[in-house]
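Structure first, then comments.
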Amino acid sequence: MKSLQALSLLLAAAHSEAAFSWNNVRLGGGGGFVSGIVFHPKTQGVAYARTDIGGLYKLNSDDSWRAVTDDITQDGTWHNWGIDALALDPQNAQVVYAALGMYTNFFENDNGAIAKSTDQGNTWSFSNLPFKVGGNMPGRGTGERLAVDPANSNIIYFGARSGHGLWKSSDGGVTFSNVASFTNTGTFRQNPSDSSGYQSDLMGLLFVTFDSTSPTVNGATSRIFVGVADNVTASIYVSTDAGSTWSPLAGQPRTFFPHKCKLQPIQKSLYLTYSNGMGPYDGSDGAVWRYDLTGGSWTNITPDIGQKLYFGFGGLGIDMLKPGYLVVASLNSWWPNAQLFRSNNSGVSWTPIWEWHWYPNTTDHFSISSPNAPWIKNSYWDNGEDKDLGWMIEALEIDPFDSNHWLYGTGMTVMGGHDLTSWDSSHHVSITTLADGIEETSIQSLVSAPGGSELLAAVGDISGFTFSSPSSLATAPAYNWMNPKFATSTDVDYAGQNVAKAVRSGNGKGTQQIGISNDGGITWSTHSGASTTAYGGSVAYSASGDTILWSTANEGVLRSQNINTFTSVSSLPSNALIASDKQNSNYFYAGSSSNFYISSDNGQSFFSGGSLSGASRINYIAAHPTTAGQVYVSTNAGIYMSTNFGRSFTALTTALTNVSQIALGVGPGSTWYLYAFGAGYNGNKLYGSADNGNSWTDLQGARGFGQITQCKLTGSGNVAGQVYVGTNGRGIFVAQGSIIASTITNDTPTSTPPSTSPTSTATTTTTMTSTSSSTTSISTPTETPSPYIIFPIQDVSQSQVTTFQTELEQTIGAFNVAIYESADGSWVFWTAKLNSTQVSAVVANPAVGP
């Protein structure tokens with residue numbers, strides 16, 4: 001019907017659509033693997049860092065970083081946070097390319113893409129590839145696999161994984177095609193027997209390096225080098241005719257795999273680092289070589305450590321201002337520390353950053369600090385962990401405009417400094433963490449305790465953090481969770497009536513994996529009743545803080561009261577979802593499949609609760625923080641609510657389906673907001689409701705949170721309208737704003753539509769204000785946005801209403817609708833009731849026009 005477009009768009013506008021303004025909760029130290037760093041060779045101050053699961057960042061002038069790929073990482077494009085390669089256009093500092101994709105095995109279904117920005121990451125375009133890209137696969141620190149011809153900005157090469165070979169663009173990254181003449185696609189698999197495909201996939205090509213000193217052929221650089229994961233046939237290939245033909249580079253080393261290959265153009269030399277593994281975790285042997293471009297000769301310049309090497313080499317930094325000056329790094333030297341070497345004579349001799357003094361003591365030629373992330377120093381370096389120089393060092397760069405400025409990436413952060421040449425004069429260098437703005441953590445759980453700690457965050461790989469007050473969110477914590485320090489804390493909860501009490505679970509094996517706190521997560525101790533075999537899963541703390549329920553990863557559901565030994569809860573299935581009532585200690589809740597369970601005896605036993613009619617899968621359980629017996633359940637069919645401790649449920653909303661995490665947070669006065677990740681009117685997003693699910697607002701907008709089923713969620717228990725999102729790779733986001741529920745301004749019209757003034761029509765007005773002071777409102781009839789103009793119309797027939805309603809239900813969803821169209825089809829009056837909200841308007845039909 002002609003008015004379908006107008007009505008569909010207006011119904012969408014009837015929802016609140018003003019997203020909050022989001023910022024990161026600050027950890028200040030990165031928190032994950034920084035796999036690559038690239039400086040622009042001709043424009044000072046332009047540099048980017050790529051990460052394996054947290055996207056791409058641009059360097060700021062104050063040594064901090066800014067994320068530039070958040071807006072391209074929505075639920076359906078979550079893999080865009082995996083950056084497998086990075087390239088800058090040497091002739092245009094505005095242009096940056098990134099190879100996007102997280103996994104090449106079954107962990108994801110979508111193919112990868114080459115993304116291009118012409119404004120330093122503010123906006124992006126994409127060239128889709130016919131295969132997957134592996135930003136979080138083994139070997140992700142080698143490279144760069146992506147390179148722009150320094151003589152021709154239209155030419156870009158990409159070295160693919162999985163046997164897909166070498167690809168080339170001749171139109172500035174708009175399209176890519178396979179280079180058929182390059183036939184060695186890489187033969188090495190890290191673990192051929194790995195049935196998951198994660199370690200058994202072909203590593204493929206490792207880097208592309210242009211020789212900018214070579215002549216051009218038809219406007220393209222003639223000599224190009226490509227690294228291949230093949231230590232048997234050949235690992236370095238060269239073309240001298242701008243990529244038309246390829247051959248193994250003569251005289252090359254064949255024992256190890258090349259990780260980095262960088263040109264010093266003044267010297268006309270290539271420098272290469274090698275390891276006997278592909279990284280980023282392995283490497284027990286390796287080498288460093290120099291290749292002379294003029295004479296075609298190879299020289300082994302591997303640093304001599306006075307004993308057999310026990311590490312391979314990864315990171316390689318070349319000084320472009322001072323030929324012959326360079327730094328190389330151990331890929332992984334797990335004890336006593338990472339090792340870095342400096343040469344000022346092209347690798348003829350080296351000086352180490354530390355050396356043995358009197359075993360097991362070392363003489364360190366560096367000082368180290370972490371003011372931007374004090375928890376790294378306090379919780380790791382000063383707590384008996386010796387790897388203060390890092391591990392997984394693949395990214396290492398010297399600023400091409402400043403010989404003192406250097407950066408290198410580790411498995412946790414970015415390090416470096418501004419006095420590198422002091423290494424040459426005094427054999428001492430100052431190193432600090434320089435990852436402020438890079439928030440690359442995988443969040444496992446979030447809670448905010450009303451009247452207690454503002455935020456407790458369980459984090460993958462780095463234990464977790466406590467933010468005691470709202471004012472602490474912008475300050476990097478002094479410590480992470482210690483004593484016990486779990487590598488990964490899998491969950492955290494608090495006691496609703498005794499909010500100073502908190503509990504968390506860890507994923508380690510062989511030690512007790514429950515930590516408890518009596519001061520809101522400031523300090524912790526090990527739960528003495530936990531075994532050394534159970535681990536992982538989720539935890540729930542009773543309201544009074546006397547009982548812990550633990551749904552473990554390997555031993556079913558366990559219970560401990562008064563710090564006694566955990567015992568099995570036989571009435572619950574293994575891996576059940578669990579939650580505690582926050583105001584009544586007798587009650588715990590659980591879910592498995594579509595079954596809801598209740599305990600009224602402090603978690604000792606469970607019985608079946610109310611039915612969730614229409615749902616086949618429970619995804620999350622959230623108890624109201626201050627109201628006993630009020631519990632919310634997210635399911636594939638929507639959200640359900642009980643006000644009688646789970647004995648019966650009401651379908652709260654079906655406007656959101658496939659709802660994953662849900663949470664409640666304080667609103668204005670005594671009200672509470674409801675937050676949910678699910679499929680709603682704007683797609684798979686974060687939505688908020690100020691009227692207990694009666695209407696919903698898209699709080700996410702263009703902000704990317706990655707895959708929503710992996711996101712964690714909590715509303716603030718202390719700050720009205722404040723909400724937190726934990727991501728799988730971009731840390732914790734926080735926003736604060738107001739949500740105004742939808743309202744009805746007048747009744748549904750009778751069979752005769754209004755024919756006098758447009759101000760008599762019914763409207764829905766929804767307004768939301770975020771912390772950025774932006775306000776978006778749905779217009780009243782006197783303010784309807786173009787091209788929808790309000791006019792009186794004639795009385796018309798309803799003969800097409802049934803057909804129109806069917807079309808609308810297929811497009812938007814089932815609701816009650818009445819439609820009156822003018823005789824000539826130019827105008828339509830409609831009224832619809834969706835989720836108990838009445839919306840009406842008189843509009844021009846854009847299919848016909850006035």
Side-chain angles (χ1 to χ4, degrees), residues 24-35 37 49 51-54 57 59 62-65 280 315 329-330 332-340 353-354 364 366-396 406-418 429-444 455 457-468 472-489 506 521-524 729-732:
N24 274 115
V25 173
R26 186 182 179 199
L27 297 184
F33 182 35
V34 177
S35 45
I37 298 171
T51 66
D52 53 0
I53 64 170
Y57 296 81
L59 183 65
D62 62 355
D63 282 339
S64 67
W65 301 84
S330 59
N332 288 299
S333 174
W334 295 107
W335 189 86
N337 211 335
Q339 184 61 282
L340 293 94
I353 203 165
W354 63 265
D364 296 335
F366 64 93
S367 58
I368 195 163
S369 62
S370 185
N372 292 323
W375 57 271
I376 294 179
K377 180 180 186 295
N378 296 335
S379 297
Y380 288 92
W381 303 342
D382 294 348
N383 196 46
E385 298 195 19
D386 293 326
K387 297 179 288 296
D388 47 359
L389 290 175
W391 58 95
M392 296 164 59
I393 303 174
E394 292 272 37
L396 197 163
W406 66 307
L407 297 170
Y408 70 92
T410 76
M412 179 185 288
T413 188
V414 174
M415 304 183 75
H418 291 274
V429 66
S430 302
I431 297 175
T432 189
T433 57
L434 293 170
D436 191 24
I438 296 178
E439 297 291 342
E440 191 208 355
T441 51
S442 177
I443 307 304
Q444 307 299 302
L455 186 66
V459 183
D461 294 334
I462 52 175
S463 195
F465 297 88
T466 295
F467 297 87
S468 298
S472 68
L473 299 171
T475 303
Y479 294 88
N480 69 355
W481 289 346
M482 300 174 63
N483 303 319
K485 183 197 292 183
F486 304 140
T488 292
S489 292
I522 303 300
T523 61
W524 297 85
R730 270 288 284 123
I732 307 166

**Prompt:** Minimum heavy-atom separation for Ala338 to Ile393, with atom names?
**Reply:** CB-CD1, 3.8 Å
**Asked** Is the backbone of Ser463 close enough, under 3.5 Å, to the side chain of Ser489 for a donor and an acceptor to pair up by distance?
**Response** yes
**Asked** Would you say Val459 and Ser442 make side-chain contact, with heavy atoms under 4.5 Å?
**Response** no
**Request:** For Gly409 and Ile37, work out which heavy atoms get closest and say how close.
**Result:** N-CD1, 4.0 Å
**Asked** Does Thr432 use its side chain to pair, donor to acceptor, with the backbone of Gly417 at less than 3.5 Å?
**Response** no
**Message:** Would you compute the distance between atom CD1 of Ile522 and atom OG1 of Thr466 and round it to the nearest 0.5 angstrom?
**Reply:** 5.5 Å
**Prompt:** Where do Gly437 and Tyr57 come nearest, in terms of heavy atoms and distance?
**Reply:** O-CE2, 3.3 Å
**Asked** Looking at CG of Asn332 and CE of Met392, how far apart are the two atoms once the value is rounded to the nearest 0.5 Å?
**Response** 7.0 Å
**Message:** On a heavy-atom basis, which atom in Pro374 and which in Pro477 lie closest, and how many Å separate them?
**Reply:** CG-O, 3.4 Å
**Fill in**
To the nearest 0.5 Å, atom CG of Asn372 lies from atom CG of Leu27 at 12.5 Å
**Item:** Test: Asp388 and Lys377 ion pair at under 4.0 Å
**Value:** no
**Side chains of Leu473 and Leu455 in contact at under 4.5 Å (non-hydrogen atoms)** = yes
**Asked** Is it the case that Thr441 and Glu439 place a side-chain donor and acceptor less than 3.5 Å from each other?
**Response** no
**Request:** For Asn378, look at atom CG and say whether over 12 heavy atoms of other residues, nucleotides or ligands are found less than 6.0 Å away.
**Result:** yes
**Prompt:** Any side-chain heavy atom of Trp406 within less than 4.5 Å of one from Val429?
**Reply:** yes
**Side chain proximity check, Asn24 to Ile732, heavy atoms < 4.5 angstrom** = no
**Prompt:** Considering all heavy atoms of both residues, which atom of Thr475 and which atom of Phe467 are nearest to each other, and what is their separation?
**Reply:** O-CE2, 3.9 Å
**Prompt:** Would a 4.5 Å heavy-atom cut-off, applied to side chains only, mark Trp65 and Asp436 as touching?
**Reply:** no
**Message:** For the backbone of Leu389 and the side chain of Asn337, can you confirm whether one donor and one acceptor N or O come within less than 3.5 Å of each other?
**Reply:** yes
**Request:** Check step by step if side chain to side chain contact (heavy atoms under 4.5 Å, CB included) holds for Met412 and Val34.
**Result:** CA-CA 7 Å; Met412 179 185 288; Val34 177; over 6 Å; no
**Asked** How are the rings of Trp481 and Trp524 set to each other: parallel, tilted or perpendicular (split at 30° and 60°)?
**Response** tilted
**Message:** Leu340 vs Tyr408, test: side chain to side chain contact (heavy atoms under 4.5 Å, CB included). Steps then yes/no.
**Reply:** CA-CA 11 Å; Leu340 293 94; Tyr408 70 92; 4.3 Å; yes
**Message:** Quiz question: by atom type and distance under 3.5 Å, do the side chains of Asn480 and Ser379 form a donor-acceptor pair?
**Reply:** yes
**Asked** Does one side chain, of Thr413 or Thr433, offer a donor that lies under 3.5 Å from an acceptor on the other?
**Response** no
**Asked** Cationic tip of Lys485 within the cone over Tyr380's six-membered ring, i.e. under 6.0 Å and within 45° of the normal?
**Response** yes
**Complete:** Residues Asp461 and Thr488: closest non-hydrogen pair is N-OG1, 2.8 Å
**Request:** Would you indicate whether the side-chain heavy atoms of Pro280 and Trp391 approach each other to under 4.5 Å?
**Result:** no
**Message:** For a side chain to side chain contact (heavy atoms under 4.5 Å, CB included) check, start with the C-alpha distance between Met415 and Ile431, then their side-chain angles and the critical distance, and finish with the verdict.
**Reply:** CA-CA 7 Å; Met415 304 183 75; Ile431 297 175; 3.7 Å; yes
**Request:** Hey, could you give me the CD1/CH2 distance between Ile368 and Trp381, rounded to the nearest 0.5 Å?
**Result:** 3.5 Å
**Item:** side chain to side chain contact (heavy atoms under 4.5 Å, CB included) evaluation trace for Ile53 with Phe33
**Value:** CA-CA 8 Å; Ile53 64 170; Phe33 182 35; over 6 Å; no
